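Every value quoted in this text rests on a predicted model; they were computed, and no experiment measured them. All residue numbers in this chain count up from 1 along the given sequence.
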Amino acid sequence: MATLFVDKIDPQSGTSLEIGSSGDTITTATGAKPSFNYPAFEAYGSLMANQADNTWIKLAFSAEKFDTNSMYDTSAYRFTPTVAGKYYVYSFCSLYSDTNYKLYVSNLAIYKNGSSYKYTPNNNNPSAFHNENFETVLATIDMNGSSDYLEIYGRANVDSGYVGIDLRETIGGFGAYRIGT
């Protein structure tokens, strides 16, 4: 094996540079950073109407916008990456009263391996009329690449009626991408 020392490589055509051929394995130096944050996914769901009041509910993000490595399960609503590392994780949705009643508390949580990892502690003013709240939760989480998994849970407490959770593509989402080791 020979070593090539250069300061710059430019493609002959000026548009793209190909290194290796199809099927080749390219090895980078220790600490080299790839330009893509894989694995990565984002999922969304539908309107979850008539949910129990003041109860943590696993959110049904049942459709994928993208899933680079097929690591999100749309039936278990769970992300289980098989590549170890640090992941930037996010989720957002709307929690609301199914009727025009007051919304006292609304929370969104990231669960890791079945336990709450990070959540939004949002308490609304109970004396003010408020029936919908948009929640966002974010975290950087170490994943072992074998058994660790992530899920999203939501909860709302209303003064009467049931809770609704909107996970539709333009309002709700659950996603993650690897940012490093």
Side-chain angles (χ1 to χ4, degrees), residues 37 39-126 128 130-179:
N37 296 326
F41 85 98
E42 185 169 295
Y44 62 95
S46 58
L47 192 60
M48 295 175 63
N50 299 322
Q51 301 298 308
D53 182 35
N54 203 26
T55 303
W56 285 100
I57 301 161
K58 184 175 175 180
L59 302 189
F61 291 101
S62 57
E64 295 175 333
K65 277 183 124 169
F66 63 90
D67 187 356
T68 63
N69 296 63
S70 300
M71 295 180 186
Y72 182 75
D73 184 337
T74 56
S75 59
Y77 321 123
R78 177 182 289 182
F79 177 59
T80 309
T82 57
V83 178
K86 293 186 184 321
Y87 285 77
Y88 181 76
V89 182
Y90 59 93
S91 186
F92 51 95
C93 72
S94 174
L95 295 117
Y96 62 92
S97 167
D98 70 336
T99 54
N100 290 326
Y101 292 105
K102 293 176 186 170
L103 178 65
Y104 293 128
V105 176
S106 59
N107 306 109
L108 193 59
I110 299 170
Y111 274 52
K112 179 180 178 183
N113 301 330
S115 298
S116 179
Y117 183 86
K118 185 168 279 198
Y119 74 96
T120 57
N122 191 351
N123 295 314
N124 298 310
N125 180 354
H130 187 82
N131 72 336
E132 183 174 14
N133 207 31
F134 187 78
E135 292 291 339
T136 303
V137 63
L138 313 163
T140 301
I141 302 175
D142 283 310
M143 303 296 283
N144 66 14
S146 59
S147 59
D148 285 342
Y149 64 91
L150 301 173
E151 301 165 314
I152 303 297
Y153 281 74
R155 173 182 76 148
N157 184 1
V158 297
D159 66 349
S160 184
Y162 290 93
V163 171
I165 304 171
D166 198 343
L167 308 176
R168 291 177 292 180
E169 186 173 7
T170 57
I171 297 173
F174 170 27
Y177 55 90
R178 186 173 176 269
I179 57 174

Distance, nearest 0.5 Å, that separates CZ of F66 from CZ of F41:
8.5 Å
Do I179 and Y87 come within less than 4.5 Å of each other through their side chains, counting heavy atoms only?
no
Show, in sequence, the C-alpha distance, side-chain angles and deciding distance for R155 and V105, and conclude whether the side-chain contact (heavy atoms from CB on, under 4.5 Å) test is met.
CA-CA 8 Å; R155 173 182 76 148; V105 176; 3.8 Å; yes
N/O donor-acceptor pairs under 3.5 Å from side chains in residues 156-166, not counting sequence neighbours:
residue, atom, partner, partner atom, Å
D159, OD1, K102, N, 3.0
D166, OD1, R168, N, 3.1
D166, OD1, R168, NE, 2.9
D166, OD2, R168, NE, 3.2
D166, OD2, R168, NH2, 2.6

Could you tell me whether the side chain of Y149 and the main chain of G114 form a donor-acceptor pair under 3.5 Å?
yes
Y44 side chain near L167 side chain, heavy-atom distance below 4.5 Å
no
Note: N107 and P121 closest approach over all heavy atoms is ND2-CA, 3.7 Å
Decide if the gap between the ring center of Y77 and the ring center of F174 is smaller than 6.0 angstrom.
no
Distance in Å, S46 OG paired with E169 CD, rounded so as to fall on 0.5 Å steps:
12.0 Å
Side-chain touch S106/Y96, heavy atoms, less than 4.5 angstrom:
no
T80 side chain reached by M71 side chain, heavy atoms, under 4.5 Å
no
Shortest non-hydrogen contact from G172 to F61?
C-CE2, 4.1 Å
Look up atom CG in L59 and atom CG in L95, then write down how far apart they are to the nearest 0.5 Å.
7.5 Å
Gap between atom OH of Y153 and atom OG of S91 - 0.5 Å precision
13.0 Å
Any chance you could measure L108, atom CG, to S94, atom OG, to the nearest 0.5 Å?
11.0 Å
Locate the shortest heavy-atom distance separating A109 from S116; write the atom from each residue and the value.
CB-OG, 4.4 Å
Can Y177 and E42 be counted as having a side-chain donor-acceptor contact under 3.5 angstrom?
no
NZ of K118: more than 12 outside heavy atoms within 6.0 angstrom?
no
So L150 and I110, do their side chains get closer than 4.5 Å, heavy atoms only?
yes
To the nearest 0.5 Å, atom CG of N50 lies from atom CG of D53 at 12.0 Å
Is there a side-chain contact between T136 and T120 (heavy atoms, below 4.5 Å)?
no
Residue K58 excluded, over 12 heavy atoms near NZ under 6.0 Å
yes
Which pair of non-hydrogen atoms, one from M143 and one from P81, has the smallest distance, and what is that distance?
CE-CD, 3.7 Å
Contact summary for F92 and I171, nearest pair of heavy atoms
CD1-O, 3.2 Å
Closest heavy-atom contact between T140 and Y117?
O-OH, 3.6 Å
